[in-house]
There are 2 protein chains.
Amino acid sequence: MLEINNVTKIYGEGSARVVALDRVSLKVEDGDFIAIMGPSGSGKSTFLNIIGGLDRLTSGEVILDGHRIDNLGENDLVDIRRGKIAYVFQQYHLLPSLTAMENVLLPLIFCGDGGDEQKVETILSRVGLGKRAEHKPSQLSGGEQQRVAIARALVSGPSLILADEPTGNMDQKTGNEILELFKELNQEGRSILMVTHSADIARQAKQIITLQDGRIISKAVQQSV
Amino acid sequence: MLEINNVTKIYGEGSARVVALDRVSLKVEDGDFIAIMGPSGSGKSTFLNIIGGLDRLTSGEVILDGHRIDNLGENDLVDIRRGKIAYVFQQYHLLPSLTAMENVLLPLIFCGDGGDEQKVETILSRVGLGKRAEHKPSQLSGGEQQRVAIARALVSGPSLILADEPTGNMDQKTGNEILELFKELNQEGRSILMVTHSADIARQAKQIITLQDGRIISKAVQQSV
Ligand SMILES: Nc1ncnc2c1ncn2[C@@H]1O[C@H](COP(=O)(O)OP(=O)(O)OP(=O)(O)O)[C@@H](O)[C@H]1O
Ligand SMILES: Nc1ncnc2c1ncn2[C@@H]1O[C@H](COP(=O)(O)OP(=O)(O)OP(=O)(O)O)[C@@H](O)[C@H]1O
Ligand SMILES: [Mg+2]
Ligand SMILES: [Mg+2]
């Protein structure tokens, strides 16, 4: 469903030049669940940002369901991604003047699904925020904000979910509940690319990819135990 | 050096009322290294925010070196805290238009220490950002931004360090290097209150406090093994 071919991303020039990704290639099939690990600064967020269309690659291609999506204009990119790819950011990017309910409703309104508040209440409960629907981001803990971002990504039923450290700001128990939710979505057939620093979380995915200095240095497929 | 006596913090009213802290008490001695754990939403950030003067308690007292600091006006609070308490925030709060070097220099300039760039370069190297001094926050990874925030907190040599999930956005190896840095500072006599979701990191502190629903539900002192 998704092909990343020989993607390189270079920031800056001269002494400030950073090769954030170095000829990275990966094929993602329908229903894949891939964990991405690697040291701080190894290129994980850059990798997801380029797939999700938030950043432009320097060379290489990204192909989603047969369409090249790395070289599109803004508007086309939104059309092709809409309803297909959803993103949980490392910095949440919640709108500070909107409540949790409104932040999660936003993609539904953009995708023309209307304002289905019942659906939003259900997913807010599933991420443990049933009582926080009316809170704004400044009235939520770090982990709670992260869960609003996750609910927002999931509410429009995307076929590919890009999650950048979705459980980074939570205790183990809440993190495990969120992981269970991702596994259910995966079992429904959605593909998941999840950056995580937690080996516990990574080993529950179907594959683990490790980045270092912008390169993929290992790919491991989980065997049944 | 620090006494937190029966502190309660209530947000909101009516159906939106949240008891974020419920009669929490803790004594911190010079040279203590206390890890604070607990589920998402249990009050950890609120606890640090009140000690650090970023938030007002509803009832109770906070006493630093014999002075009450919970009931001060803004200016007095800055004086008493200046040079004594430093804070690593859960959301970093870096200034987006300044480089890493400038962000770390700020407290030195505020504390009247002048712009000691050599000192800043040393501490940026100690947190693994030697090559990133000229990058702005948007040009840094999540873990790198967190390390700038840590460097900034440490550069003015505070006697009490409040750290809210300082290694939350990093891989294990980088997180361990940061923890080693905190241990060195603690061995120099500085007190550390560190919120963490990682049991591995918590067990390396001298004490572990656990919060749940705004209350301290356990205190454990590490024994030598
Ligand atoms: N806009 C930019 N300009 C210059 N360099 C950048 C920019 N954005 C990122 N970088 C650099 O590219 C490298 C990869 O960054 P990236 O955010 O992908 O890392 P990461 O693997 O997500 O790290 P973390 O685990 O800390 O979140 C980093 O070393 C960073 O300093
Ligand atoms: N300004 C506010 N108004 C209303 N409720 C708030 C406000 N700030 C925090 N809360 C609530 O207080 C509780 C404690 O929040 P706090 O940020 O201290 O949790 P935490 O333990 O740091 O969680 P995390 O591990 O997710 O960072 C949360 O349930 C949160 O929803
Ligand atoms: Mg990142
Ligand atoms: Mg918090």
Side-chain angles (χ1 to χ4, degrees), chain A residues 11-12 14-18 20 36-47 49 55 89-92 99 127-129 131-147 164-165 167-175 177-178 195-200 202 210-212, chain B residues 11-12 14-18 20 36-47 49 55 89-92 99 127-129 131-147 164-165 167-175 177-178 195-200 202 210-212:
Chain A
Y11 289 112
S15 59
R17 187 175 187 269
V18 176
I36 301 169
M37 302 193 81
S40 181
S42 56
K44 307 178 297 296
S45 296
T46 302
F47 184 56
N49 287 348
D55 205 349
F89 301 94
Q90 191 169 5
Q91 269 95 35
Y92 327 150
T99 64
V127 300
L129 292 178
K131 298 211 183 75
R132 296 283 184 270
E134 297 307 313
H135 285 226
K136 292 189 180 157
S138 60
Q139 298 165 333
L140 293 171
S141 76
E144 289 168 345
Q145 290 177 46
Q146 203 156 13
R147 283 179 267 159
D164 199 342
E165 306 205 28
T167 61
N169 259 313
M170 297 165 206
D171 58 288
Q172 189 129 0
K173 177 159 172 293
T174 315
E177 289 164 5
I178 292 300
V195 170
T196 180
H197 282 310
S198 158
D200 269 344
T210 306
L211 281 172
Q212 187 172 293
Chain B
Y11 289 113
S15 59
R17 186 175 187 270
V18 176
I36 303 169
M37 302 193 82
S40 181
S42 55
K44 309 177 297 294
S45 295
T46 303
F47 184 56
N49 287 347
D55 205 350
F89 302 93
Q90 193 170 5
Q91 269 96 34
Y92 328 149
T99 64
V127 299
L129 292 178
K131 296 212 183 76
R132 295 282 183 269
E134 298 308 315
H135 284 226
K136 293 191 179 154
S138 61
Q139 297 166 333
L140 293 170
S141 76
E144 289 168 346
Q145 290 178 47
Q146 202 155 13
R147 284 180 267 158
D164 199 343
E165 307 204 29
T167 61
N169 258 314
M170 296 166 207
D171 58 287
Q172 188 130 1
K173 176 157 174 291
T174 315
E177 288 164 8
I178 292 300
V195 170
T196 180
H197 281 310
S198 158
D200 269 343
T210 305
L211 281 172
Q212 187 170 293

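By convention in this document, chain letters (A, B, ...) are assigned in the order of the sequence lines, proteins followed by strands, and residues within each chain are numbered from 1. These values consider heavy atoms only, across backbone and side chains, with no hydrogens, waters or symmetry-generated copies.
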Would you mind telling me which of A:R147, A:H135, A:Q172, A:M37 has the largest number of heavy-atom pairs within less than 4.5 Å of chain B? A:R147

Shorter than 4.5 Å, heavy atoms on both sides: which option in A:P39, A:G143, A:S45 has the most such pairs with chain B? A:P39

Check whether B:Q146 gets within reach of chain A through its side chain, its backbone, both or neither, counting any heavy atom under 4.5 Å. neither

Between CG on residue A:L129 and OG on residue B:S40, distance to nearest 0.5 Å: 8.0 Å

For B:E144, which atoms come within 4.5 Å of any heavy atom of chain A: side chain, backbone, both, or neither? both

In a check of side chain to side chain contact (heavy atoms under 4.5 Å, CB included) between B:V18 and each of A:K131, A:Q139, A:R132, which one passes? A:R132

Chain A heavy atoms under 4.5 Å from B:Q91: which part of the residue, side chain, backbone, both or neither? side chain

Taking every heavy atom of B:N169 against every heavy atom of A:E165, the minimum-distance pair comes out as OD1-OE1, 3.5 Å

Whatever's closer than 4.5 Å to a heavy atom in chain B on A:T174 counts as side chain

